[in-house]
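Have a look at the structure below, then the notes.
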Amino acid sequence: MRILQLHCDYIEFTPIKKEIKSAEDIELKTEHLDEVVVAFVAVEDGDNADVAKKAMGEISESMKKVGCKKLLLYPYAHLSSKLASPSAALSVLKEMESKADGLDVRKAPFGWTKSYKLQVKGHPLAESSKTISAGEEKEPTSEALKAESKIQSFWHIMTPDGKMHDIDKFNFAKHANLEVLAKYEAAKKRSVDEPPPHVKLMKKLAIADYEPASDAGNMRFFPNGRLIKSLIERYVTDKVVEYGGFEVETPIMYDSHHPSMESYFNRFPARQYNVNSEGKQLFLRFAACFGQFLMAKDFQMSYKNLPLRLYELTRYSFRREQSGELVGLRRLRAFTMPDCHAMCKDMEQAKEEFRKRFDLSRQVIKGLGLEESDFEMAIRFTEEFYNENKPLIEELVSKIGKPVLVEMWKERFFYFVLKWEFNYVDNLGKASALSTDQIDVENGKRYNIEFIDETNKPQNPIILHNSPSGAVERVIYALLEKAAKDQREGRKPGLPLWLAPTQVRIIPVKPEFFDYCEKLAEEISQKEIRVDLDDRNESVGKSIRDAETDWIRYIIVIGEKEVNATKISIRDRKTGSVKELSVDELVREIKEETKDKPFLKMNMNRHVSKRPQIMV
RNA sequence: GCCUCGAUAGCUCAGCCUGGUAGAGCGAACGCCUCGUAAGCGUUAGGCCGCGGGAUCGAAUCCCGCUCGAGGCUCCA
């Protein structure tokens with residue numbers, strides 16, 4: 001459908017003669033309308049009642065802006081070259097007439113040659129044209145997203161002693177990052193104006209890169225990146241299982257019109273990817289919540305089974321963030337999210353569980369190589385929850401041992417009453433959430449998850465939503481930003497040893513030592529250490545330089561001396577010096593530093609000469 | 001949609017203002033060197049200078065249009 005819309009001082013039109021047989025029967029008289037919006041409408045092939053409704057929606061919206069309530073629908077074939085049949089066009093026009101809620105609407109006769117004159121107003125909104133077609137509906141935007149900007153929040157700082165401070169009066173002198181977080185959050189400023197340093201590093205280290213053939217925010221991971229991701233995924237999963245989580249797997253797409261989905265959708269501020277298939281409108285999951293809730297609904301549960309912890313590592317969750325927000329690995333449209341829910345029988349149990357998960361998250365973040373000085377905590381709650389549960393909140397803040405950003409809501413808007421998260425503050429002063437946990441008092445009921453309590457009555461559980469690490473990609477982002485900061489401040493940048501794609505590199509002085517090196521590499525590799533061999537015909541200096549720029553922690557140079565002795569020369573990147581150790585001593589040192597961490601085999605050819613260069 | 005910036009070798013970029021045979025470094029192939037803790041040496045290959053048009057004897061370079069990318073703004077004629 002094509003519409004030319006004019007805001008007029010007046011219009012006057014007179015039917016002259018029938019243009020087509022099916023023209024409407026009308027009285028032949030001149031009509032005059034003042035202060036009117038005239039919509040010249042061409043109904044096109046394929047237009048239907050939906051299009052009519054959408055068109056009226058847009059017309060009435062723009063009429064509101066110009067403050068006019070009188071509308072004339074004027075059939076006007078000349079706007080299009082693919083017109084609908086006259087009968088179809090007439091019914092669509094009548095449909096439009098009937099959908100004009102709150103407007104004084106008229107329709108000029110259909111199928112007649114008419115003479116007309118009109119006078120168009122001279123303001124900027126007086127003229128506009130619209131093209132409306134079936135199928136391309138306005139994107140569904142969740143109610144939560146629309147309302148998020150309207151929520152009234154009260155911001156404070158809570159110190160470890162449990163005292164609340166006014167954010168304007170708090171002395172941030174010793175808490176620069178917290179200040180950044182506080183300003184960042186309270187101002188809701190999230191645009192990025194220069195690429196953050198980790199973008200260069202993720203390319204240089206052949207971890208990840210943009211994939212132009214995909215959608216923005218969907219990255220590709222090279223062998224190094226895939227290895228690092230796998231290790232982090234393994235580590236977080238092991239920790240959650242240790243804590244008592246059961247790993248499950250759920251679908252990545254869901255029916256938008258499933259009743260539980262529709263209402264949850266409106267409680268979560270996110271934009272979706274939509275997929276149409278055989279008439280179903282599906283969306284790609286933005287979290288693992290629904291999958292686990294729908295699963296738990298089908299469990300028969302007693303209070304004795306609670307807390308029940310379900311865990312999934314979603315590869316991927318999808319959020320269609322605004323394109324301007326996407327940068328490197330910080331904010332993506334497709335990301336890997338460890339997501340653990342605990343169903344609890346009552347608030348007492350929920351609080352107890354919440355404490356456990358707080359400790360779990362702190363342990364996981366530390367294990368991943370981030371110190372408590374690397375992140376700032378924010379805690380958010382409703383006023384009511386705070387008044388009833390001060391000791392819990394104060395306990396969490398005191399465990400962190402430094403001031404924490406507080407957001408308090410007068411009333412509950414989201415599905416949770418309490419939420420905390422650890423935020424990494426990067427080199428450009430941008431804050432991003434890593435670990436988080438929430439107490440959800442709404443979705444047990446929404447998803448009809450039930451357990452039978454001590455008195456044999458069905459109840460809905462309270463649900464905790466925890467990601468002990470945050471998105472895996474974001475963990476890599478934080479590690480790289482931390483490394484960039486080290487570099488900027490004159491320290492050697494590096495990754496934790498257990499995440500290094502190569503942990504040990506062997507460099508022969510001359511090709512005649514290749515055999516010895518091969519044996520040595522095999523021996524070290526047998527001990528579950530990622531070792532490779534620079535068998536290129538390059539100078540020793542060049543090989544060492546390359547190993548250094550690849551952030552390889554241990555470099556072994558093999559020459560005459562080593563072949564004939566038990567100790568080998570090992571360059572430790574951390575200290576920059578060379579030391580003499582036996583192979584066993586080296587192995588022990590590496591094992592000590594990587595203990596309690598998962599191991600995966602090298603994800604590249606052991607021989608450096610056999611590897612492709614990843615030039616990005 | 002609008003604004004700004006960009007697009008030249010696998011990568012990073014120079015050349016463009018002031019038109020005249022396409023440049024460097026890194027990387028790659030080949031060869032020499034056989035090397036002791038951050039870049040050894042040489043040779044060679046590799047380009048529709050994003051796409052289309054215009055003015056010019058002649059365009060990577062000037063003009064117009066388009067496409068794609070990054071960032072910003074915006075729902076506006």
Side-chain angles (χ1 to χ4, degrees), chain A residues 3-7 57-58 61-62 64-66 120-131 138-139 141 146 189-196 199-206 209-218 222 321-328 330-331 428 430 487 492-494 504-514 516-517 534-565 567-581 608-616:
Chain A
I3 298 171
L4 175 65
Q5 187 183 314
L6 305 171
H7 188 197
E58 294 204 12
E61 200 168 307
S62 56
K64 249 180 240 162
K65 287 187 193 164
V66 298
V120 179
K121 289 179 182 291
H123 64 78
L125 298 178
E127 303 173 301
S128 70
S129 77
K130 299 177 168 53
T131 302
K138 269 199 170 169
E139 300 193 331
T141 305
K146 288 186 210 156
K189 186 182 181 317
R190 295 189 182 180
S191 62
V192 166
D193 28 34
E194 66 174 291
V199 173
K200 259 194 179 160
L201 291 177
M202 80 187 185
K203 295 181 183 201
K204 181 182 99 81
L205 297 170
D209 189 22
Y210 300 111
E211 172 52 75
S214 181
D215 189 27
N218 287 256
F222 302 115
E321 308 288 6
Q322 298 186 72
S323 59
E325 292 184 301
L326 305 166
V327 199
R330 186 164 78 89
R331 204 163 170 84
L428 300 178
K430 309 290 175 193
Q487 196 160 26
K492 274 196 180 178
V504 179
R505 170 156 298 169
I506 302 175
I507 299 174
V509 172
K510 284 192 275 187
E512 61 178 281
F513 305 122
F514 276 7
Y516 182 90
C517 291
D534 190 349
D535 59 336
R536 299 173 303 166
N537 185 14
E538 297 287 356
S539 66
V540 174
K542 172 69 180 291
S543 289
I544 285 170
R545 183 183 155 84
D546 286 352
E548 284 280 349
T549 57
D550 280 348
W551 295 3
I552 293 171
R553 171 70 181 276
Y554 294 103
I555 302 172
I556 302 177
V557 177
I558 295 296
E560 208 87 40
K561 203 174 71 186
E562 286 74 18
V563 174
N564 298 314
K567 299 232 170 186
I568 48 181
S569 320
I570 294 159
R571 183 183 162 111
D572 184 344
R573 184 158 181 277
K574 205 168 185 179
T575 60
S577 60
V578 178
K579 55 190 173 189
E580 309 273 322
L581 289 178
V608 175
S609 72
K610 298 246 164 67
R611 296 177 186 172
Q613 298 276 327
I614 297 175
M615 309 293 294
V616 288

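Basis for what follows: all heavy atoms, side chains included, without hydrogens, waters or symmetry-related copies. Sequence lines set the chain letters: A, B, ... in the order given, protein chains first and strands last, and positions in each chain run from 1. Bear in mind the structure is a predicted one, so any value in this text is a computation, not a measurement.
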Does [N] pair with anything, Watson-Crick or G-U wobble, both distances under 3.5 Å, and if so, with which nucleotide?
{"N": "B:G25", "answer": "B:C11"}
{"N": "B:C49", "answer": "none"}
{"N": "B:G20", "answer": "B:C57"}
{"N": "B:C35", "answer": "none"}
{"N": "B:C5", "answer": "B:G69"}

Rounded to the nearest Å, what distance is computed from the [atom1] atom of residue [X] to the [atom2] atom of nucleotide [N]?
{"X": "A:Ile507", "N": "B:G40", "atom1": "CD1", "atom2": "P", "value": "12 Å"}
{"X": "A:Arg545", "N": "B:C26", "atom1": "CZ", "atom2": "C1'", "value": "11 Å"}
{"X": "A:Phe514", "N": "B:U34", "atom1": "CZ", "atom2": "C1'", "value": "11 Å"}
{"X": "A:Asp546", "N": "B:G40", "atom1": "CG", "atom2": "P", "value": "9 Å"}
{"X": "A:Asp535", "N": "B:C35", "atom1": "CG", "atom2": "P", "value": "18 Å"}
{"X": "A:Lys204", "N": "B:G10", "atom1": "NZ", "atom2": "P", "value": "23 Å"}
{"X": "A:Asp534", "N": "B:C35", "atom1": "CG", "atom2": "P", "value": "17 Å"}
{"X": "A:Arg331", "N": "B:G71", "atom1": "CZ", "atom2": "P", "value": "14 Å"}

When the [atom1] atoms of [N] and [M] are considered, how many whole Å apart are they?
{"N": "B:C66", "M": "B:U4", "atom1": "P", "value": "14 Å"}
{"N": "B:G42", "M": "B:C5", "atom1": "C1'", "value": "41 Å"}
{"N": "B:A70", "M": "B:G47", "atom1": "C1'", "value": "24 Å"}
{"N": "B:C63", "M": "B:G20", "atom1": "P", "value": "15 Å"}
{"N": "B:C17", "M": "B:A22", "atom1": "P", "value": "16 Å"}
{"N": "B:G15", "M": "B:G6", "atom1": "P", "value": "12 Å"}
{"N": "B:U12", "M": "B:U21", "atom1": "C1'", "value": "26 Å"}
{"N": "B:G52", "M": "B:C68", "atom1": "P", "value": "16 Å"}

Checklist entry - Got a salt bridge between A:Asp550 and A:Lys204, using NZ or NE/NH1/NH2 to carboxylate O under 4.0 Å? => result no
Checklist entry - Got a salt bridge between A:Lys567 and A:Glu562, using NZ or NE/NH1/NH2 to carboxylate O under 4.0 Å? => result no
So what does [X] touch, heavy atoms closer than 4.0 Å: a base, only the sugar-phosphate, or nothing?
{"X": "A:Val509", "answer": "base"}
{"X": "A:Glu512", "answer": "nothing"}
{"X": "A:Ser543", "answer": "nothing"}
{"X": "A:Gly559", "answer": "base"}

Does [X] place a side-chain N or O at less than 4.0 Å from the phosphate oxygens OP1/OP2 of [N]?
{"X": "A:Ser539", "N": "B:C35", "value": "no"}
{"X": "A:Lys542", "N": "B:C33", "value": "no"}
{"X": "A:Arg571", "N": "B:A38", "value": "yes"}
{"X": "A:Gln613", "N": "B:A28", "value": "yes"}

Checklist entry - Counting side-chain heavy atoms from C-beta on, which of B:U37, B:A39, B:G36 comes nearest to A:Ile544? => result B:U37
Next on the checklist: Quick check for you: among B:G36, B:A38, B:G27, whose closest atom lies nearest to any side-chain atom of A:Ser569?
Outcome noted: B:G36
Is there a donor-acceptor contact under 3.5 Å from the side chain of [X] to the main chain of [Y]?
{"X": "A:Asp535", "Y": "A:Ser609", "result": "yes"}
{"X": "A:Tyr516", "Y": "A:Pro508", "result": "no"}
{"X": "A:Arg545", "Y": "A:Val540", "result": "no"}

Checklist outcome for this item: Walking RNA chain B from its 5' end, the first of A:Glu548 and A:Arg536 to be reached, judged by nearest nucleotide, is A:Arg536
Item to check | NZ/A:Lys574: more than 12 non-hydrogen atoms of other groups inside 6.0 Å | outcome: no
Checklist entry - For the residue pair A:Ile552 and A:Arg573, what are the closest heavy atoms and their distance? => result O-CD, 3.3 Å
Next on the checklist: Suppose we call a contact any N or O donor and acceptor under 3.5 Å apart; does that hold for the side chain of A:Asn537 and the base of B:C35?
Outcome noted: yes
